[in-house]
Amino acid sequence: MSNVRVRFAPSPTGSLHIGGARTALFNWLFARHHQGKFIIRIDDTDLERSTIESAQEIISALKWLGLDWDEGPEVGGPYGPYFQSERLKEYEKAAHHLLARGLAYYCYCTPEELQKRRQEALAAGRAPRYDGRCRHLSREERIKLEREGRKPVIRFRIPEKGTTVVNDLIRGDVSFDHEILDDFIIIKSNGIPTYNFACVIDDIKMKITHILRAEEHLSNTPRQILIYQALEEPLPAFAHLPMILAPDRSKLSKRHGATSVEEFRDQGYLPEALLNYLALLGWSPEGEQEILSLSEMVRQFSLERVAKTAAIYDIKKLTWINGHYLNEADLDRVTKLAIPFLQKRKLVPEEISEELYHYIKEVVGLVRTRVKTLEEVAEAAEYFFTDDFSYDEKGVQKHFQQPGAAEILKAAKECLEKLDSFDLESVEKAYRELSAAIGVKTGEIIHPTRLALSGRTMGPGLFEMMVLLGKEKTIQRLSRAIDFISSREN
RNA sequence: GGCCCGUUGGUCAAGUGGUUAAGACACCGGCCUUUCAAGCCGGUAACAGGGGUUCGAAUCCCCUACGGGUCACCA
């Protein structure tokens, strides 16, 4: 029995980013490895930017990935609610506790004033810190400011001297001098707590034992530690995960292509592939095996093998891993996953009959070995569902514009027409015999035939393709190619 | 700018004082083959720079450079 309790606490201001997904994954792996609890909490204290749609989107992305949680939205739990916006009383209580003990105070500076001072400080080359001017306001001064109509915020009083050390499980001890910390806001003028405060209160209330989050939070940590101390609460362990960067080493953003879990899903990536790839960004398994199932990752996961270095994400490797899983996965599952992609291209109807399903399944089985995403499956499968395709121009030059090309196709067509059964063996046998009979290499029949049937120079094995397409379609497409060649010649 | 973190091939990365400095993706070549993939075999390619410490440093210390994070009534 383990008492490990970790949480993933996204703010619902957008979709689930792959960085966030990686953080969620590491927390999940850590919890499962230690047989602890994985908790989801929605940090929605930013009233302007938080949306319920975003929260739902993040939750559904997590579900799609298969990262299940023991406590949180939808499942509840003993330490709820799991939306910060529903826990306002808790923060208020804690803030007043600090206020009463002189560890926090009201500040009446307006955002405009603060902004101005910040800019002045920056321009003068000074650190843009809060100057502490409301630190020692008398009762009279406060009343006066309030009469001016100012709504105060509550600030936390940073101890003047000393340093706070963050004992990071990944980075070791990191110390921060209190001189660089300023009295930060814990409750905004609208009564809502800020992140640094709310998350500490919740982590305490939810009995979180380990905080695994992205490195961008490292410099917030001393402030949070000071709050734990002011509240006389034990500290959780901290571990700051390396960032995930775009190929140009900048922060990942839309201009770098897909960044959200949802987008990867829509481009035809499989959840297990994304998870496997994400696990490898910042963590490494002990052996040389990089293709790992979720349970294998759980077994092996350890913070000791998490890197300190920011990682640049590489879509090529993700795609390679996806290709692997695409081929390993159960064919029925892949078929079902591929259908929406075919529908998007209007290759199959909304309603799929059983007969059509079986055809699709065969097509998917044939093309998936040579592509890496579901999107590519649909692309590669196109000509199995429509006659409306054109011939690859290079292919035409290479295979149709050779002397005798039309004759070869004509001979092929006639030879296929005579076939009683149109299965793999008979079709292949017919072609081999034909090539011997007319004295050309098999390839000289195969290549133009492939182009005639698919419009492409590459694809699945020709005989499989012919059989799947069926005798009628095969002959029809050969005729079309023969006509095409003669129209070009004239 | 202050503070903090980091720096091993193009990318992910192993490595914790003595290694021919792993492995994977990508790239290149070969084999296989009806094409393209896959698969198999092989190849190119790295310890940011400079000082120390040490018999010996990718590994420890310092400096420089570079990259990233943070400094909000955002999280």
Side-chain angles (χ1 to χ4, degrees), chain A residues 9-13 43-46 48-50 107 109-111 114-115 118 121-130 151-155 166 168 170-171 174-177 179-182 184-190 192-196 198-199 213-222 240 242-243 245 247 249-251 277 280-291 305 307-321 323-324 327 367-372 380 395 399 428 431 441-447 449-451 454 456-463:
Chain A
S11 75
T13 53
D43 282 8
D44 58 350
T45 52
D46 183 345
E48 278 80 49
R49 298 194 306 155
S50 296
C107 167
C109 300
T110 65
L114 294 168
Q115 171 78 359
R118 196 159 33 238
L122 237 25
R126 296 194 315 266
R129 304 171 57 226
Y130 173 66
K151 295 274 261 190
V153 298
I154 300 175
R155 282 186 189 268
V166 179
D168 192 278
I170 294 170
R171 275 152 232 280
V174 183
S175 56
F176 296 84
D177 202 312
E179 301 203 346
I180 60 141
L181 266 23
D182 59 0
F184 60 101
I185 295 171
I186 57 175
I187 303 282
K188 306 181 225 175
S189 58
N190 62 1
I192 309 289
T194 56
Y195 167 76
N196 278 319
C199 95
R213 68 212 329 180
E215 196 195 336
E216 55 186 322
H217 292 289
L218 182 55
S219 45
N220 279 322
T221 308
H240 288 91
M243 304 283 292
L245 268 25
R249 303 207 120 271
S250 69
K251 216 169 172 174
Y277 177 67
L280 263 17
L281 274 190
W283 172 79
S284 59
E286 271 187 55
E288 286 185 352
Q289 184 68 27
E290 291 199 333
I291 297 289
R305 297 191 67 87
K308 298 178 175 69
T309 330
I312 293 171
Y313 105 105
D314 177 18
I315 188 85
K316 287 216 180 106
K317 185 155 181 178
L318 200 211
T319 305
W320 173 78
I321 291 177
H324 170 83
N327 281 290
V367 302
R368 72 163 167 175
T369 60
R370 25 189 64 78
V371 298
K372 296 189 165 64
H399 304 302
E428 176 157 4
Y431 258 47
K441 280 189 270 182
T442 321
E444 287 180 65
I445 316 179
I446 286 173
H447 297 308
T449 305
R450 175 179 288 104
L451 186 61
S454 68
R456 308 182 189 197
T457 55
M458 52 195 198
L462 179 71
F463 305 120

Determine the stems involving RNA chain B; a stem requires 3 or more consecutive pairs of the Watson-Crick or G-U wobble kind, each with both distances below 3.5 Å, and the answer is none if no such run exists. B:1-7 with B:65-71, B:10-12 with B:23-25, B:27-31 with B:39-43, B:48-52 with B:60-64
Go through [options] for me and flag the one nearest to the [X] side chain.
X	options	result
A:Ala311	B:C5, B:A26, B:A13	B:A13
A:Phe176	B:C25, B:A14, B:C3	B:C3
A:Thr309	B:U35, B:G23, B:U8	B:U8

Does one side chain, of A:His240 or A:Arg171, offer a donor that lies under 3.5 Å from an acceptor on the other? no
Tell whether A:Glu290 reaches the base of B:G23 with its side chain through a donor-acceptor pair below 3.5 angstrom. yes
When only distance counts, do a donor and an acceptor, one from the side chain of A:Arg456 and one from the base of B:U35, lie under 3.5 Å apart? no
What does [X] touch in the nucleic acid at a heavy-atom separation under 4.0 angstrom: a base, only the sugar-phosphate, or nothing?
X	answer
A:Pro242	nothing
A:Arg305	sugar-phosphate
A:Tyr277	nothing
A:Gly282	sugar-phosphate
A:Ile312	sugar-phosphate
A:Gly459	base
A:Arg450	base
A:Thr457	base

Can you give me the N/O atom pairs linking the protein to nucleotides 29-31 of chain B at distances under 3.5 Å, or say none if there are none?
none

The criterion is side chain to side chain donor-acceptor pair (under 3.5 Å); which residues satisfy it with A:Thr13, sequence neighbours excluded? A:Ser11
What interatomic distance, in whole Å, is found between C1' of B:A48 and the corresponding atom of B:G9? 13 Å
When you compare B:U8 with B:G23, how far apart are their C1' atoms, in angstrom units rounded to a whole number? 14 Å
At their closest point, which heavy atom of A:Asn327 faces which heavy atom of A:Val371, and how far apart are they? ND2-O, 4.3 Å
Summarise protein proximity over [range] in one line of letters, 5' to 3': B for base, S for sugar-phosphate only, - for none, counting protein heavy atoms closer than 4.0 Å.
range	answer
nucleotides 38-46 of chain B	---------
nucleotides 60-66 of chain B	-------
nucleotides 67-75 of chain B	SBSSSSBBB

Spacing between [X] atom [atom1] and [N] atom [atom2], to the nearest angstrom:
X	N	atom1	atom2	answer
A:Arg370	B:A37	CZ	C1'	6 Å
A:Leu451	B:C36	CG	P	14 Å
A:Lys308	B:A13	NZ	P	13 Å
A:Lys317	B:G9	NZ	C1'	13 Å

Any ion pair linking A:Asp314 and A:Lys317 (charged N to carboxylate O, less than 4.0 Å)? no
